[in-house]
Amino acid sequence: QDMGTTNSTTSTMMMTSFTTALGASNLWFTSWTPTSAGATAGASIGLFFLAIFSRLLSAVRSSAEQSWAETLALRRQAIRLDLIEDKSFAKASSSSSSTTANDRSPSVAAKLKQAPPFLWSIDAPRAALFGVQAFVGYLLMLAVMSYSAWFYIAIIVGMMTGELLFGRWSTHAGAGDGLHH
């Protein structure tokens with residue numbers, strides 16, 4: 001191979017500055033290269049809405065995580081109440097009536113502090129939501145890496161609009177796994 005030759009793939013990958021030229025940046029596939037002002041505007045509008053969708057996914061995931069945490073807390077509380085009301089548990093701990101329920105059985109307290117149990121009803125939707133969120137985030141990242149100033153501006157304005165619309169729902173603990181999520 002001749003090391004002195006370059007091809008379009010190499011020169012595209014080596015691009016390090018943003019461009020406003022039409023037809024200079026492909027969007028995800030080589031065949032998806034907007035070559036007219038209208039095509040670039042259309043791609044930018046699509047990226048704008050994809051960025052808003054990304055922030056919506058973040059808000060949905062945050063709300064879902066909060067709901068799942070509440071479900072697990074209620075489940076733990078029900079398990080704890082069942083253990084306290086269990087006659088064999090009460091009999092084993094009746095010799096030390098001055099201690100609390102948590103002091104009676106350290107193994108029970110240790111079990112309650114473990115990682116949450118695997119539940120299909122929580123973990124399958126969590127994995128699916130994470131997968132969709134990661135997919136959208138990577139699509140946006142690849143669009144920014146095309147170094148099209150138009151795509152970049154559309155994504156940033158879309159992210160800001162999405163944050164304006166949905167940010168109040170994604171500010172709970174556990175949200176914000178990154179700007180592109």
Side-chain angles (χ1 to χ4, degrees), residues 1-73 115-181:
Q1 288 184 352
D2 183 9
M3 298 302 282
T5 61
T6 61
N7 62 29
S8 63
T9 304
T10 305
S11 63
T12 301
M13 290 185 347
M14 299 301 285
M15 185 183 298
T16 57
S17 60
F18 284 95
T19 181
T20 57
L22 300 178
S25 302
N26 61 7
L27 184 59
W28 302 314
F29 302 104
T30 331
S31 59
W32 291 9
T33 304
T35 55
S36 68
T40 301
S44 296
I45 291 168
L47 288 170
F48 170 81
F49 284 112
L50 189 62
I52 291 174
F53 182 64
S54 171
R55 299 312 297 156
L56 172 64
L57 286 173
S58 180
V60 167
R61 185 170 173 211
S62 177
S63 296
E65 287 291 345
Q66 187 176 7
S67 175
W68 294 327
E70 290 170 6
T71 299
L72 288 173
F118 178 85
L119 299 172
W120 277 107
S121 61
I122 292 175
D123 293 304
R126 176 187 286 138
L129 189 54
F130 177 80
V132 171
Q133 191 178 14
F135 179 73
V136 170
Y138 284 122
L139 286 177
L140 292 172
M141 177 194 65
L142 288 171
V144 167
M145 289 176 58
S146 72
Y147 292 101
S148 167
W150 306 115
F151 296 169
Y152 181 75
I153 292 167
I155 290 169
I156 294 299
V157 172
M159 288 277 199
M160 290 170 48
T161 304
E163 188 65 22
L164 180 68
L165 295 173
F166 309 114
R168 62 188 168 275
W169 286 294
S170 61
T171 57
H172 303 294
D177 295 318
L179 288 175
H180 59 56
H181 288 218

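Listed for the Ser62 side chain is no donor-acceptor partner under 3.5 Å among the backbone atoms of Ser58. With Thr20 contributing its side chain and Ala149 its backbone, the two residues share no donor-acceptor pair below 3.5 Å. Proximity of a side-chain donor or acceptor of Ser67 to a complementary backbone N or O of Ser63 within less than 3.5 Å is not detected.
With rounding to the nearest 0.5 Å, the separation of CD1 in Ile156 from OG1 in Thr161 is 11.0 Å. Here the straight-line distance linking atom OG of Ser54 with atom CD of Glu163 works out to 10.0 Å at 0.5 Å rounding. Between atom CG of residue Leu139 and atom CG of residue Leu27 there is a gap of 8.5 Å, rounded to the nearest 0.5 Å. Rounding to the nearest 0.5 angstrom, the gap separating the CZ atom in Arg61 from the CD atom in Gln66 is 14.5 Å. Here the CG-CH2 distance, from Leu47 to Trp150, works out to 14.0 Å after rounding to the nearest 0.5 Å. In this structure, CD1 on Ile155 lies 9.5 Å from OH on Tyr152, to the nearest 0.5 angstrom.
Annotation for Leu140 and Met159: closest pair CD1-CE, 3.9 Å, computed over non-hydrogen atoms. Across every non-hydrogen atom of Gly158 and Ile52, the tightest pair is O-CG1, 3.3 Å. Shown here for Pro117 and Leu72, the closest heavy-atom pair between the two residues is CD-CD2, 4.2 Å. In terms of heavy atoms, Asn26 sits closest to Phe151 at O-CE1, 4.5 Å. Across every non-hydrogen atom of Ser146 and Ser25, the tightest pair is O-OG, 3.1 Å. The two residues Trp169 and Ala59 come nearest to each other via the heavy atoms CB-CB, 3.8 Å.
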Run the numbers on Arg126 and Glu65 for side-chain contact (heavy atoms from CB on, under 4.5 Å), then give the verdict.
CA-CA 8 Å; Arg126 176 187 286 138; Glu65 287 291 345; 2.9 Å; yes
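The aromatic rings of Trp32 and Phe29 sit perpendicular, their planes meeting at an angle over 60°, well past the 30° parallel limit.
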